[in-house]
Amino acid sequence: GETSSEDQIQRHQHNEKSDIDQDFTKLWNKIAEVVRAVSSSYDEKWQVRKRTINTALLVLLIYRFVCAKNTLGYGTIINQVWDNCRKLRINLPQVKPITQSSLCAARKKLHENIFKEINSAILNRYDDREDRWRGFRLFAVDGTKVNLPKNMIDYGYEVPATGNYP
């Protein structure tokens with residue numbers, strides 16, 4: 001049978017979306033607002049004049065490098081980000097991807113404290129004090145037993161009710 005051009009377009013759009021790194025996209029969607037808020041204050045710190053690469057875009061690219069499943073080069077990651085943003089209809093500062101050298105130059109100017117601030121902002125944003133175990137955020141449980149030094153009692157850690165704790 002014949003396929004209509006509308007069916008071809010839908011199939012093409014589906015194929016394009018399946019090429020996108022879904023895990024990274026989900027992560028980025030959760031933290032994008034926080035990253036933009038923190039990044040806006042850093043634009044003034046390292047940019048002398050308005051540039052193509054702003055702090056939010058730079059952080060996106062750096063996070064993408066960190067989350068890449070294998071060791072891809074700057075050029076590949078930049079092209080993937082541009083291609084994925086185009087597929088998701090996200091506006092970028094220019095149609096063509098930035099150059100590797102411009103990314104390196106911008107990265108050198110960005111202070112590393114931004115990642116500490118972003119981390120703190122994300123933790124504060126998603127901090128749910130009701131979902132705590134004994135006052136601590138619980139990230140994972142694996143059943144491992146850890147023996148802590150005796151002086152940890154001074155910091156509020158409890159001695160197990162049973163067991164071999166001198």
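The two residues L92 and L57 make their nearest non-hydrogen contact at CD2-CD1, 4.1 Å. Of all the heavy atoms in I114 and Y42, the pair that sits closest is N-OH, 3.4 Å.
Side-chain atoms of W82 do not come within 3.5 Å of backbone N or O of I98 as any donor-acceptor pair. With hydrogens and angles ignored, the 3.5 Å screen pairs a side-chain donor or acceptor of S40 with a backbone N or O of A37. In this structure, the side chain of D83 does not engage the main chain of N79 through any donor-acceptor pair within 3.5 Å.
Interatomic distance, I62 CD1 to I77 CD1, rounded to the nearest 0.5 Å: 12.0 Å. Note: Q80 CD to L61 CG = 11.0 Å, rounded to the nearest 0.5 Å. Rounded to the nearest 0.5 angstrom, N84 CG and K87 NZ are separated by 5.5 Å. Annotation: the span from N124 atom CG to E117 atom CD amounts to 11.5 Å, rounded to 0.5 Å.
Under the 4.5 Å side-chain criterion, counting only non-hydrogen atoms from C-beta, L103 is in contact with L58. Looking only at side-chain heavy atoms (C-beta outward), V35 and L60 stay at 4.5 Å or farther from each other. Here the side chains of F115 and V66 are not in contact, with every heavy-atom distance at 4.5 Å or above.
The side chain to side chain donor-acceptor pair (under 3.5 Å) pairs that include a residue from residues 96-105 are T99-S101, T99-S102, where partners are two or more places apart or lie in different chains.
Residues passing the side chain to side chain donor-acceptor pair (under 3.5 Å) test with R107, sequence neighbours excluded: Y74. Among residues two or more places apart in sequence or in another chain, the side chain to side chain donor-acceptor pair (under 3.5 Å) test is passed with T76 by none.
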